[in-house]
Amino acid sequence: MSVRVRFAPSPTGGLHLGGVRTVLYNYLFAKHHGGEFIVRIEDTDQTRFVPGAEEYIFECLKWCGLDADESVKHGGDYGPYRQSERKPMYRKYAEALVADGYAYYAFDTPEELEKMRDENRSEENPSPQYDHRLRKKMRNSLTLTDDEVKQLLADNTPHVIRIKMPENDVVSFTDMIRGEVSFQTGLVDDKVLLKADGMPTYHLAVVVDDYLMKITHAFRGEEWLPSASVHLLLWKYLGWESSMPEWAHLPLILGPNGKLSKRDGAKYGFPVFAMNWKDPKTNELTEGFKEKGFLPEAFVNMLALLGWNDGTEKELYSMDELIADFDIKRVHSAGAKFDYEKAKWFNHEWVKRKDVRSMMYDVRSVLAAHDIVTDDDAKLEKIIELVKERCTLLTDFVQHAGFFFKAPATLDFEAFKPKWTEEKKQFFELFAGKLDNLSVWDLHSIEQLFKDLAAEKNIKAGELQLPMRIMLVGGKFGPAVFQIAELIGKEETVARIQKALAEF
RNA sequence: GCCGCGUUGGUCAAGGGGUUAAGACGCCUCCCUUUCACGGAGGAAUCACGGGUUCGAAUCCCGUACGUGGUACCA
């Protein structure tokens with residue numbers, strides 16, 4: 001049987017690091033086994049609908065190179081892939097569970113539930129559950145007579161369907177990452193399966209849809225582990241036990257102080273979403289890795305290694321290499337703290353190793369955003385090659401490539417001020433003039449002229465290089481000065497020297 | 001509170017009864033380079049704690065602590 005996995009996001013906001021990693025592991029597992037990767041939209045909570053969020057998720061996946069085989073966008077034989085559109089099919093399964101005695105109707109209003117919790121709340125029990133103890137005191141088909149229930153249903157009384165958790169049972173399963181895990185059913189509450197609005201909750205929907213979509217392996221975040229017992233029971237009660245997927249509960253990605261939140265991003269200056277997300281309600285913008293200057297290759301590589309390794313020392317992987325080497329069983333069971341420094345290192349490595357031509361578009365966009373026009377492809381290509389080793393993020397190209405196209409706005413005069421002399425100033429005045437008359441404009445000729453003139457004036461060439469660099473690029477950075485001069489051209493070089501001389 | 005999951009340098013981590021306990025990021029020193037990087041060579045830094053089991057425990061068992069998640073008609 002072919003491997004089928006799914007990522008099931010709820011379209012309620014930005015796509016988080018952890019979410020992307022869950023997609024990644026799903027994707028890698030599927031592709032490693034030649035299977036299918038499905039994206040299913042879990043939009044059963046109508047109150048949390050956020051316009052644009054679904055579209056945004058697909059854009060993020062596209063940027064990461066994690067395209068689905070089946071989804072709302074890609075189609076497929078197991079649709080619809082949006083749960084809200086599958087609404088009519090859930091009720092019959094919930095009813096079947098009731099008929100078989102595994103679930104029941106509950107007519108308690110939200111107010112009644114709140115009252116129940118208030119009355120039972122105590123130091124020992126801060127969050128009372130609707131469980132096998134309390135269900136006997138509530139208004140449901142277990143406590144009401146058959147006639148009462150029939151009447152209530154006939155009157156269209158708002159109600160939910162809850163699973164009837166066994167009082168004294170133990171369910172266990174083998175998690176692909178954690179091994180044997182077990183739970184006492186009496187400690188879990190009677191989860192709502194079908195809501196009053198007729199929508200399923202996650203618990204029902206995930207089981208029904210995974211079954212209907214023939215999912216073979218179900219990977220999700222560790223936060224689902226406690227409710228796994230409900231899902232396991234549902235697979236059993238619905239009579240589908242033999243086709244239940246294998247489970248893997250992925251470890252959490254943590255921030256500097258516990259759970260990673262988008263607040264951490266703002267607080268510590270790193271992104272937590274894949275791409276920029278603007279909340280349509282508050283207009284609040286949360287920065288994404290893409291816009292921060294990350295390459296998707298690096299983002300994916302970094303995420304893959306956050307919680308997984310192949311047992312060797314290899315750290316740099318292309319997507320194809322990840323697909324080839326990924327093994328869900330080697331995923332760590334412990335949560336991992338996200339390290340932004342390491343994330344940047346991955347990016348730097350990818351900027352250095354990635355083919356220059358494939359970076360042109362991104363670099364050009366970054367520069368354009370700073371009003372730096374780069375129309376000459378050949379020149380841009382050459383420059384990227386020249387400076388990429390000093391660019392950790394794509395946005396660093398503004399500093400390291402920008403001055404090739406646009407004279408620096410400010411010059412770091414302070415860098416050489418203490419050693420600046422009248423003789424040196426004269427040198428540059430003379431040099432600028434001679435440069436103007438240079439017939440062959442190349443690295444060697446410029447450097448030769450510079451050294452000859454320095455020797456003639458009896459000044460150490462080395463001492464003149466820093467001022468020259470500042471005049472050309474504005475600061476203490478960048479590749480060899482003469483190389484820069486060669487690339488920006490005679491006219492521009494002379495102009496920058498003269499402009500600087502006028503200011504110093 | 002209860003339940004689940006987890007715990008190897010600051011971070012990511014290999015190792016799963018006998019190792020000088022890998023490697024990477026970050027940090028520090030030096031080399032290269034009259035800039036900044038890249039590259040190279042070094043350095044500091046670790047098995048949460050307490051009990052067992054064993055000739056021998058980072059590795060197996062139990063407990064404690066800590067972290068984290070769940071305990072919704074949210075996913």
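A note on names: the letters A, B, ... follow the listed sequences, proteins ahead of strands, and every chain is numbered from 1. Note that the structure is predicted; figures quoted are calculated from it, not measured.
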In whole Å, I'd like the distance from the [atom1] atom of [X] to the [atom2] atom of [N].
| X | N | atom1 | atom2 | answer |
| --- | --- | --- | --- | --- |
| A/Trp345 | B/G23 | CH2 | C1' | 10 Å |
| A/Leu252 | B/U7 | CG | P | 14 Å |
| A/Met471 | B/U35 | CE | C1' | 14 Å |
| A/Glu389 | B/U33 | CD | C1' | 12 Å |
| A/His400 | B/C36 | NE2 | C1' | 6 Å |
| A/Phe49 | B/C74 | CZ | P | 17 Å |
| A/Trp247 | B/G4 | CH2 | C1' | 16 Å |
| A/Asn347 | B/C12 | CG | P | 20 Å |

Of all the choices, [options], which nucleotide is nearest to the side chain of [X] once you look at every atom?
| X | options | answer |
| --- | --- | --- |
| A/Phe477 | B/A75, B/U35, B/A72 | B/U35 |
| A/Ala334 | B/U35, B/G70, B/G6 | B/G6 |
| A/Arg178 | B/G1, B/G6, B/G69 | B/G6 |
| A/Pro110 | B/G69, B/C73, B/G4 | B/C73 |
| A/Trp224 | B/U35, B/C5, B/A75 | B/A75 |
| A/Lys352 | B/U71, B/A22, B/C38 | B/C38 |
| A/Ser333 | B/U7, B/G1, B/A75 | B/U7 |

| said: Quick check: on RNA chain B, is the nucleotide nearest A/Pro126 upstream (toward 5') of the one nearest A/Phe338, or the reverse? Name the residue that is more 5'. | reply: A/Pro126
| remark: Contacts of A/Glu341 and A/Glu349 projected onto RNA chain B by closest heavy atom; the upstream (5') one is A/Glu341
Across the strands shown, which category fits [X] at heavy-atom distances under 4.0 angstrom: base, sugar-phosphate, nothing?
| X | answer |
| --- | --- |
| A/Gly307 | sugar-phosphate |
| A/Pro128 | sugar-phosphate |
| A/Lys191 | sugar-phosphate |

If we take the [atom1] atom in both [N] and [M], what is their distance in whole Å?
| N | M | atom1 | result |
| --- | --- | --- | --- |
| B/U19 | B/G15 | C1' | 9 Å |
| B/G63 | B/C55 | C1' | 26 Å |
| B/G4 | B/C73 | C1' | 24 Å |
| B/A22 | B/A14 | C1' | 6 Å |

Distance check: side-chain N/O of [X] vs OP1/OP2 of [N], anything under 4.0 Å?
| X | N | value |
| --- | --- | --- |
| A/Arg330 | B/G15 | yes |
| A/Lys195 | B/A75 | yes |
| A/Thr44 | B/A75 | yes |
| A/Arg48 | B/A75 | no |
| A/Asn309 | B/A14 | yes |
| A/Lys337 | B/G67 | no |
| A/His348 | B/C25 | no |

| query | Do A/Arg162's NZ or CZ and the ring of A/Tyr130 fall within the cation-pi criteria of under 6.0 Å and 45°? | reply | yes
| Cation-pi geometry met for A/Lys344 and A/Phe346 (6.0 Å, 45°) | no
| said: Is it the case that the base of B/A24 and the side chain of A/Lys342 share a donor-acceptor contact (distance under 3.5 Å, atom types as modelled)? | reply: yes
| request: Kindly indicate whether the side chain of A/Arg390 and the base of B/C38 share any N or O donor-acceptor pair separated by less than 3.5 Å? | output: no
| message | Among residues at least two apart in sequence or on other chains, which ones pass salt bridge (Lys or Arg N to Asp or Glu O under 4.0 Å) with A/Glu223? | response | none
| query | Can you list the residues that meet the salt bridge (Lys or Arg N to Asp or Glu O under 4.0 Å) rule with A/Lys382, with sequence neighbours excluded? | reply |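 In terms of salt bridge (Lys or Arg N to Asp or Glu O under 4.0 Å), with neighbours along the sequence ignored, A/Lys382 is linked to no residue.
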In terms of ring plane angle, is the pair [X] and [Y] parallel, tilted or perpendicular, where the classes change at 30° and 60°?
| X | Y | result |
| --- | --- | --- |
| A/Tyr25 | A/Phe326 | tilted |
| A/Phe294 | A/Tyr340 | tilted |
| A/Phe450 | A/Phe431 | perpendicular |

